[in-house]
Amino acid sequence: MLDLKLVRNSPDVVRHALINRNMSTELIDSLLEYDKAWREYLAEGDELKHKRNVVTREIAKLKKENKDTLSKIEEMQGINSRIKEIDDLIRDYKSKIHEIMLRIPNIPSSTTPIGKDENDNPVVRVVGEPRKFTFTPQPHWDIGEALDILDFEKGAKIAGQGFTVYKGMGAKLERALVNFMLDVHSRQGYLEVFPPVLINEKAMTGTGQLPKFKEDMYLCTDGYYLAPTAEVPVTNLYMDEYIEKLPVFLTAYTACFRREAGKHGQDTRGIIRQHQFNKVELVKFVKPETSYEELEKLTLDAEEILKLLNLPYRVVNLCTGDLGFSAAKTYDIEVWVPTQEKYREISSCSNFENFQARRANIRFRTPEGPQFVHTLNGSGLAVGRTVVAILENYQREDGSVEIPEVLRPYLGGEKEIRKEDLT
RNA sequence: GCCCAGGUAGUCUAGCGGUAAGGCGACGGUCUCGAAAACCGUUUCUUCUUUGGGAGAGCGCAGGUUCAAAUCCUGCCCUGGGCGCCA
């Protein structure tokens, strides 16, 4: 959420931000109108309440002295009915204002390039070189099925389209990656946490998933949402709190759940886009003046996983048209997928500045008073997509897949995945 | 799911119809060569402002009763304890 005072005092800054995000600015006009009306009624209401407080004290005093209070009480009854009217109006305007404020996206950082869509995202760096195959590389879904480590039919049978069962070395590889990532991030100084993935509405609003993206979320019958990313439970660990010791670095593995509404027809084969997937997340709470430096470091911490796995990747700086709702700046890390001859998103590292902190009310103390922290997060990494990258980049002509060296200790020293490894 | 006991400012606690009290912590000031102690002040949100400050809100959340609600009433949420059920 933005600072209402910023919208009030510099509406053009907000309008420009919306325009750069390819969004309409109409909301701002009605917001300013409601804000004006709200403050007018607030002033009138406060004046009447001041009077009520004064008279109420007089009545208390008169009663103590056993004097007549009837005329005062009658006077108050008139004031009270007007206060009630005004309070209703104030509440109404305030909720309208709040409703709009929750739907205004963050203002992009000055280092976020202006652009229309993903084609305008500048490449920041390219690391590693795509392997040159001496044979025709197979897509991961074919490799997975041939090795009997990915079972799409069984996933569809027990759940539906967009769910996959991992078997044997596939299941072990997924688990190994989770442990490997958590270990690396722990070494980098992040505290490991393991949070719930059923989340209440308040927390979902705190990080910005609600109210705007409700249709992308799974809602359980008793009002809980399934976490679409560990960002939600982990960032909200400090909801409504003061953080006494900054910075705080956390890492968490969770399952993530997304309805992928409106994404039908994209990545229908394989495990790139699933309704349920695993992710290891990095979350930082920092002082405002360090947040951009911390974003660089966080991105490098996520990249470290790809470097250790020896997977080629690149980093792009998302332009205003491609930037997420809550983010001020985002680096996407994209891993090379040989059969698509493309880099595909495997991590998204963002600085939200105080956008989430204001929504979730996460503050720290300064001599000048309480201040909102800056929050950051990034995937370190999406596990399923890492499996895709390993299967495709490490495949051999005979259909087996080499296991990256750093993962072997996590897989009992195994060096490869072959058909007969299945048990 | 049922029965108790609770939820008060950053934290701990008092108040149980009449301006939310006190301890601790943090920050600022006085004192000091410096520090500690002591003493004084501040501590959340909103709004107005002539920048000194004024006003309003705020006692888990939402309503209600009342001239007046932390206090009384209703519903809900959360925490602790007991009972039941249960992997």
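Below, chains carry the letters A, B, ... as their sequence lines are ordered, and counting in each starts from 1.
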TODO: Give one of base, sugar-phosphate or nothing for A/Lys5, where a contact means two heavy atoms less than 4.0 Å apart.
DONE: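 Sugar-phosphate, no base atom in range.
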
Task: 5'-most by nearest nucleotide on RNA chain B - A/Asp3 or A/Glu244 - done: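 Nearest nucleotide further toward 5': that of A/Glu244.
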
Open item on the list: Nearest heavy atom decides the nucleotide; on that basis, is A/Val54 or A/Trp38 closer to the 5' end of RNA chain B?
Closed with: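 Per heavy-atom nearest nucleotide, the more 5' residue is A/Trp38.
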
Can you tell me if [X] and [Y] form a side-chain donor-acceptor pair at under 3.5 Å?
X        : Y        : value
A/Thr69  : A/Lys63  : no
A/Tyr292 : A/Glu353 : yes
A/Glu231 : A/Thr207 : no
A/Thr339 : A/Glu392 : yes
A/Thr56  : A/Arg52  : no

Taking atom [atom2] of [N] as reference, at what distance in whole Å does atom [atom1] of [X] sit?
X        : N      : atom1 : atom2 : answer
A/Tyr34  : B/rU46 : OH    : P     : 22 Å
A/Met101 : B/rU46 : CE    : P     : 12 Å
A/Ile79  : B/rG56 : CD1   : P     : 13 Å
A/Arg358 : B/rU44 : CZ    : P     : 16 Å
A/Asp46  : B/rG58 : CG    : P     : 11 Å
A/Tyr93  : B/rU47 : OH    : P     : 17 Å
A/Asn361 : B/rU46 : CG    : C1'   : 14 Å
A/Met239 : B/rG60 : CE    : C1'   : 13 Å

Task: Minimum-distance nucleotide (side-chain atoms of A/Lys84 versus B/rG56, B/rU44, B/rU65) - done: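 Within the option list, the nearest is B/rU65.
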
TODO: Check whether any side-chain nitrogen or oxygen of A/His50 sits under 4.0 Å from OP1 or OP2 of B/rG56, and answer yes or no.
DONE: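 The answer is yes; a side-chain N or O of A/His50 sits under 4.0 Å from OP1 or OP2.
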
Task: Under-4.0 Å side-chain N/O to phosphate OP1/OP2 contact, A/Asn53 with B/rA57 - done: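 So the side chain of A/Asn53 is within the cut-off, an N or O lying under 4.0 Å from OP1 or OP2 of B/rA57.
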
TODO: Strictly below 4.0 Å, heavy-atom distances to any atom of RNA chain B: list the hits from residues 199-212 of chain A, or just say none.
DONE: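 Close to the strand, none.
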
- [ ] Heavy atoms only: give me the nearest A/Asp117-A/Cys319 pair and the separation to one decimal.
- [x]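 Answer, listing the atom of A/Asp117 first, then A/Cys319: O-SG, 3.2 Å.
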
- [ ] Identify the two heavy atoms, one from A/Leu391 and one from A/Leu150, that lie closest to each other, and give their separation to 0.1 Å.
- [x]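 Heavy-atom minimum between the residues: CD1-CD1, 4.2 Å.
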
Task: Watson-Crick or G-U pairs under 3.5 Å in RNA chain B, rendered as dot-bracket with [ ] for crossing pairs and | for another strand - done: ((((((((.[[[..)..(...]]]((((((.......))))))(((((....)))))..[[[[[..)....]]]]])))))))....

Using the [atom1] atom in both, what is the distance from [N] to [M], to the nearest Å?
N      : M      : atom1 : value
B/rG75 : B/rG22 : C1'   : 34 Å
B/rC45 : B/rC61 : P     : 16 Å
B/rC73 : B/rU65 : P     : 15 Å
B/rU43 : B/rG81 : C1'   : 35 Å
B/rA37 : B/rC31 : C1'   : 11 Å
B/rG23 : B/rU13 : C1'   : 8 Å
B/rC59 : B/rG52 : C1'   : 31 Å
B/rC2  : B/rG84 : P     : 16 Å

- [ ] Going 5' to 3' through nucleotides 48-54 of chain B, assign each nucleotide B (protein heavy atom under 4.0 Å from a base atom), S (under 4.0 Å only from sugar-phosphate atoms) or - (no protein heavy atom that close).
- [x] S------

Mind listing the N/O atom pairs, protein and nucleotides 25-31 of chain B, below 3.5 Å?
none

TODO: Output all residues satisfying salt bridge (charged side-chain N to carboxylate O under 4.0 Å, His left out) with A/Lys49, sequence neighbours left out; order by chain, then residue number.
DONE: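 Partners of A/Lys49 by the salt bridge (charged side-chain N to carboxylate O under 4.0 Å, His left out) criterion, ordered by chain and then number, come out as A/Asp87.
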
Could you check whether [X] pairs with [Y] (Lys NZ or Arg NE/NH1/NH2 to Asp/Glu carboxylate O, under 4.0 Å)?
X        : Y        : answer
A/Lys157 : A/Glu153 : no
A/Arg82  : A/Glu85  : yes
A/Glu289 : A/Lys287 : no

How about [X] and [Y]: do any of their side-chain heavy atoms sit closer than 4.5 Å?
X        : Y        : value
A/Ile107 : A/Val14  : yes
A/Ser326 : A/Asn106 : no
A/Cys256 : A/Thr254 : yes

- [ ] Would you please classify the geometry between the A/Phe194 ring and the A/Tyr253 ring as parallel, tilted or perpendicular, with 30° and 60° separating the classes?
- [x]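 Answer is parallel, since the angle falls under 30°.
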
Open item on the list: Does the structure place the NZ or CZ of A/Arg365 under 6.0 Å from the centre of the six-membered ring of A/Tyr242, at an angle of no more than 45° from the ring's axis?
Closed with: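 The answer is yes; both the distance and angle limits are met.
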
TODO: Apply the test side-chain hydrogen bond (donor to acceptor under 3.5 Å, both in side chains) to residues A/His185 and A/Thr251: give CA-CA distance (whole Å), side-chain angles for both, the deciding distance (0.1 Å), then the verdict.
DONE: CA-CA 7 Å; A/His185 296 319; A/Thr251 184; 5.1 Å; no

Open item on the list: Taking the six-membered ring for Trp, are A/Phe285 and A/Phe364 closer than 6.0 Å centroid to centroid?
Closed with: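 No.
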
Under 3.5 Å, which protein N or O atoms sit close to an N or O of nucleotides 66-72 of chain B? Give each pair with its distance.
{"from": "B/rC67", "atom 1": "OP1", "to": "A/Gln77", "atom 2": "NE2", "distance (Å)": "3.4"}
{"from": "B/rC67", "atom 1": "O3'", "to": "A/Asn80", "atom 2": "ND2", "distance (Å)": "2.7"}
{"from": "B/rA68", "atom 1": "OP1", "to": "A/Asn80", "atom 2": "ND2", "distance (Å)": "3.0"}

Open item on the list: Apply the syn/anti split at 90° from 0 to B/rG82 and say which one it is.
Closed with: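 The base of B/rG82 is oriented anti (glycosidic angle more than 90° from 0).
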
